[in-house]
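In what follows, a single structure is set out as structure tokens and then discussed.
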Amino acid sequence: VALLGNPNVGKTTVFNALTGYRAKVANYPGVTVDKKHGPLRGAPGVEVLDLPGTYSLAARSPDEMVAVDVLLGRRDDVPRPAAAVVVVDASNLERNLYLASQVLETGVPVVVALNMVDVATSRGHAVDAGALSARLGVPVVPLVASRGEGVPALVDAVRGALERPATPPRLVAFPDAFEREVEALGDSLPRTREGSPLPDAERRRMLLDVGGHAERRAVEAGGARVSDALAAARARLEAAGHPVAGLEASRRYAAIGPVVDAAVARPAEERTTATDRIDAVLTHRLLGSVVFLALMTAMFLSIFSWAAPVMDFVDVDVFGRLQEWIVSAGFLGGGLLESLVVDGIVGGVGGVLVFLPQILILAGFLAVLEDCGYLARAAFLMDRLLRWCGLSGRSFIPLLSSFACAIPGVLATRTIESRRDRLATLLVAPLMSCSARIPVYALLTLAFVPPVKVLGFLDARALAFASMYFVGIAVAVPVAWILKRTVLRGDPAPFLLELPPYRVPRARAVLQQMTAQGGAFVLRAGTLILATSVVVWALSTFPRDEAALARRDAAVAQVEASRAAEVAAAPEASRAEVEAAHDERKAAVEAEANGELLRRSAMGRMGRAVEPLFEPVGWDWKVGVAVIASFPAREVVVGTLGVIYGIGEADEGSESLREQLQAARFEDGPRRGEPVFTLASALALMVFFSLCCQCVSTLAVIRRETGTWRWAAFAFGYMTVLAYLAALATSAVVRALSA
Amino acid sequence: VSTAAASTLDAAPRGAAVRVVSVEGAPSVSQRLLEMGLTQGAVVSVVRTAPLGDPLEVRVRGYLLSVRRGDARLVRVEPA
């Protein structure tokens with residue numbers, strides 16, 4: 001059984017009620033993209049499949065194509081549904097019945113779920129389900145799915161439809177000339193694999209949707225013969241006074257009008273709804289912009305201020321203690337295995353898991369805004385600005401989501417109808433500063449930006465931090481603009497967006513979104529980042545130079561040997577000082593020897609290979625190592641810098657790593673002895689990480705969504721080149737300014 | 001209906017009800033406008049414009065739809 005409906009009609013809530021299975025509930029069209037199914041309650045063996053929301057069977061966005069393909073049995077992975085439940089919004093019947101009438105014509109047994117009857121009642125609409133059922137010729141079940149009302153009746157109706165499918169009368173009358181053309185097309189089109197002509201519903205879609213999904217599929221299968229046949233048929237219809245453009249919509253709405261009139265008693269004057277009053281403020285010329293900016297600011301501030309205490313706790317009290325405990329318990333023997341667990345696994349994975357609070361807060365915020373209907377208004381407000389760089393309001397939600405993580409951002413582009421707009425959005429989405437950049441920004445800002453006031457009132461550190469977000473946006477604008485004028489050039493697609501009625505966000509829906517996002521993140525930390533941490537650890541440890549290792553141990557032993565003698569020789573009063581001096585010497589010897597070991601490791605060789613490229617920016621080979629090592633996930637760079645510049649605990653909050661970086665010096669070359677990190681080279685590194693695409697998960701999801709590695713490679717390539725050039729420029733400008 | 005009274009949706013006065021006369025433009029654009037309910041004879045009204053002047057918020061068939069001025073220009077309307 002397939003579940004269909006317009007976006008924002010509570011389709012997912014109906015799905016949950018039918019299956020008792022907790023699926024994600026969303027207000028914005030397209031969040032319910034993945035194939036979701038569950039067993040129908042009280043009907044063993046019957047599966048309910050939740051299809052993406054669509055306004056029409058004339059599919060345009062990738063989402064809608066999935067819905068239509070499943071319904072018409074065009075997909076290999078899903079059998080053609082035995083029945084369809086069309087969820088309609090009782091308070092907005094006309095447009096909802098448009099889709100329902102299309103589904104009725106496909107020949108699938110249909111049950112209409114008349115949802116949100118309570119909303120219709122509150123607007124003074126009295127909907128007569130019996131009259132509607134009589135007119136449509138299929139069962140109509142009134143529902144308030146959010147409260148579970150009417151669900152048992154809907155289950156019964158579905159079972160009834162499966163056992164005794166109704167044959168509804170043809171609701172929409174098309175001209176005879178059109179019906180003849182649909183009939184005739186059967187002969188000129190390729191047959192299905194089973195050898196029968198393509199179904200009637202599919203031929204109708206092909207003829208009606210000029211350049212549409214059905215036509216493209218048929219032309220792919222049958223070539224020019226098909227496109228010629230379609231063009232000829234359309235020309236004949238036009239000559240007969242029935243041009244296909246507008247034919248379907250006008251006939252369909254003409255047929256629906258009387259149905260709605262018969263089934264719905266409406267007040268003469270539409271009541272002013274709460275939505276009208278809220279919109280008067282939220283989309284107001286001045287107030288609307290103020291509220292929008294305030295909301296966005298509040299969202300980002302809350303990410304930092306609310307998450308910080310939790311992050312410190314997780315970082316220091318959970319992972320820091322865990323590392324200390326492992327070392328002090330000593331059951332791993334203090335050797336290679338202990339180093340792998342403490343530095344590689346706990347350090348690497350823990351360093352990433354601390355961002356969970358931020359991801360949860362952002363996901364929660366977005367879920368609340370989405371569920372109450374505000375995100376559609378945000379898209380409405382932002383359309384003008386986004387169009388300026390060649391995108392549309394629909395790109396707003398993917399881009400906003402990308403500030404949490406580019407992966408949900410890329411997935412959210414599925415609701416964009418125009419393929420070119422979708423590609424452009426998806427290619428600039430990773431430029432938005434995601435939460436994985438926060439540790440990089442935090443570490444470098446705290447270590448190298450002095451806590452001074454700029455222009456007397458701006459905190460320099462906050463400014464540096466905020467600038468990184470701005471850099472990504474500022475670069476995304478021209479990139480989108482150029483993409484839309486070069487490789488993705490084409491006619492602008494219409495931007496039509498429903499502004500759904502406001503409603504109180506449901507706690508359950510919000511929690512579901514938060515757990516889904518948080519779960520995905522933890523999974524990623526447990527798999528990809530765990531693997532990366534181990535690989536980075538291994539590449540920086542092997543091949544082990546046994547001679548260098550022996551030299552280190554000898555040097556350390558030498559310090560230790562002289563310690564006993566010197567301490568004994570020193571006067572009582574200065575013994576503590578001598579001890580301390582020896583500890584320092586020992587640490588220095590170890591650090592130098594560890595640097596030597598790293599340099600000879602596989603990672604160190606890679607870093608040295610790219611050093612000439614990084615030298616103009618002001619980075620040494622160790623930065624090269626960190627950049628290469630963070631290719632799978634940019635947040636890994638913090639852990640890697642920790643491993644490289646000093647062994648031990650390494651996360652963005654640790655004083656020791658900050659101090660290690662501040663103390664780092666060039667080991668050789670013309671700048672030997674100078675500090676590696678200055679304001680210029682640190683800011684350059686931040687800019688590099690704000691623009692680069694060091695994230696294997698993002699690249700993988702781009703490849704999955706575009707169907708080719710080409711776009712993933714393109715995203716990685718253009719972002720890396722831009723990141724490098726911008727880092728070079730940043731370094732040069734800061735040096736010039738501070739000179 | 002005199003042609004002088006006919007205009008396009010983007011130029012319709014705020015809050016006033018107008019009736020759709022026809023929808024022009026390429027099929028890919030016009031079909032979408034028609035599907036969303038802007039068919040001949042439908043009564044629509046422009047509720048307000050976005051803070052940046054575009055797009056328009058239009059009430060049609062009992063719901064609210066955001067339409068760009070450029071697309072609204074394809075919809076010929078007359079006073080209802």
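Treat the numbers as computed from the prediction; the structure is a model and nothing was measured. Chain letters run A, B, ... following the sequence lines, proteins first and then strands; every chain starts at 1.
- Heavy-atom distances place both the backbone and the side chain of Ala280(A) under 4.5 Å from chain B.
- Within 6.0 Å of the CZ atom in Arg69(B), the count of heavy atoms belonging to other residues, nucleotides or ligands exceeds 12.
- Ser56(A) and Glu35(B) are linked by a side-chain donor-acceptor pair at a separation below 3.5 angstrom, with hydrogens and angles left out of the test.
- For a residue to count as touching a neighbouring chain, one of its non-hydrogen atoms must lie under 4.5 Å from one of that chain's; by this rule Ser392(A) touches chain B with backbone and side chain alike.
- Residues Val210(A) and Gln31(B) have side chains not in contact (no heavy-atom distance under 4.5 Å, counting atoms from C-beta outward).
- Closest non-hydrogen pair, Leu34(B) versus Ala249(A), comes out as CB-CB, 3.3 Å.
- Each of Val244(A), Asp209(A), Asp279(A) has some count of heavy-atom pairs under 4.5 Å with chain B, and the biggest count is that of Asp279(A).
- A cation-pi contact, defined as under 6.0 Å to the ring centre and within 45° of the axis, is absent between Arg61(B) and Tyr98(A).
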Please step through side chain to side chain donor-acceptor pair (under 3.5 Å) for the pair Arg252(A) and Thr39(B), ending with a clear verdict. CA-CA 10 Å; Arg252(A) 218 172 270 290; Thr39(B) 53; over 6 Å; no
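- Within the model, atoms OG1 of Thr275(A) and OH of Tyr63(B) stand 15.0 Å from one another, a figure rounded to the nearest 0.5 Å.
- Considering Leu497(A), Leu499(A), Asn92(A), Thr283(A) as possible partners of Leu64(B), the one that fulfils the side-chain contact (heavy atoms from CB on, under 4.5 Å) test is Leu499(A).
- Residue contact with chain A, scored on non-hydrogen atoms closer than 4.5 Å, is absent for Val23(B).
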side-chain contact (heavy atoms from CB on, under 4.5 Å) evaluation trace for Leu52(B) with Leu385(A): CA-CA 8 Å; Leu52(B) 296 168; Leu385(A) 280 182; 3.7 Å; yes
Given the rule in the side-chain contact (heavy atoms from CB on, under 4.5 Å) test, do Thr49(B) and Arg285(A) qualify, once you have shown the distances and angles that lead to the verdict? CA-CA 8 Å; Thr49(B) 54; Arg285(A) 197 159 273 249; 3.0 Å; yes
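- Looking at Asp71(B), its side chain never comes within 3.5 Å of a backbone N or O of Leu496(A) through a donor-acceptor pair.
- If you measure heavy-atom distances from Glu94(A) to chain B, the contacts under 4.5 Å come from the side chain alone.
- In terms of non-hydrogen atom pairs under 4.5 Å with chain B, the most contact-rich of Arg387(A), Glu248(A), His284(A) is Arg387(A).
- Residues Tyr253(A) and Met36(B) come closest through the heavy atom pair OH-C, 3.6 Å.
- Neither the backbone nor the side chain of Asp89(A) comes within less than 4.5 Å of any heavy atom in chain B.
- Proximity of Arg384(A) to Pro51(B): side-chain heavy atoms (C-beta onward) are nowhere separated by under 4.5 Å.
- Neither the backbone nor the side chain of Asn6(A) comes within contact range of chain B; no heavy atoms are under 4.5 Å apart.
- The two residues Phe495(A) and Pro55(B) come nearest to each other via the heavy atoms CE2-CG, 4.1 Å.
- Leu33(B) touches chain A through backbone and side chain together, each having a heavy atom under 4.5 Å away.
- Under a cut-off of 6.0 angstrom, the local environment of CD in Gln40(B) is sparse, with at most 12 non-hydrogen atoms contributed by other residues, nucleotides or ligands.
- Taking 4.0 Å as the cut-off between side-chain N and carboxylate O, Asp276(A) and Arg48(B) do not count as a salt-bridged pair.
- Looking only at atom types and distance, the side chain of Arg377(A) has no donor-acceptor partner in the side chain of Ser66(B) under 3.5 Å away.
- Surrounding CD of Glu238(A) are at most 12 heavy atoms belonging to other residues, nucleotides or ligands under 6.0 Å away.
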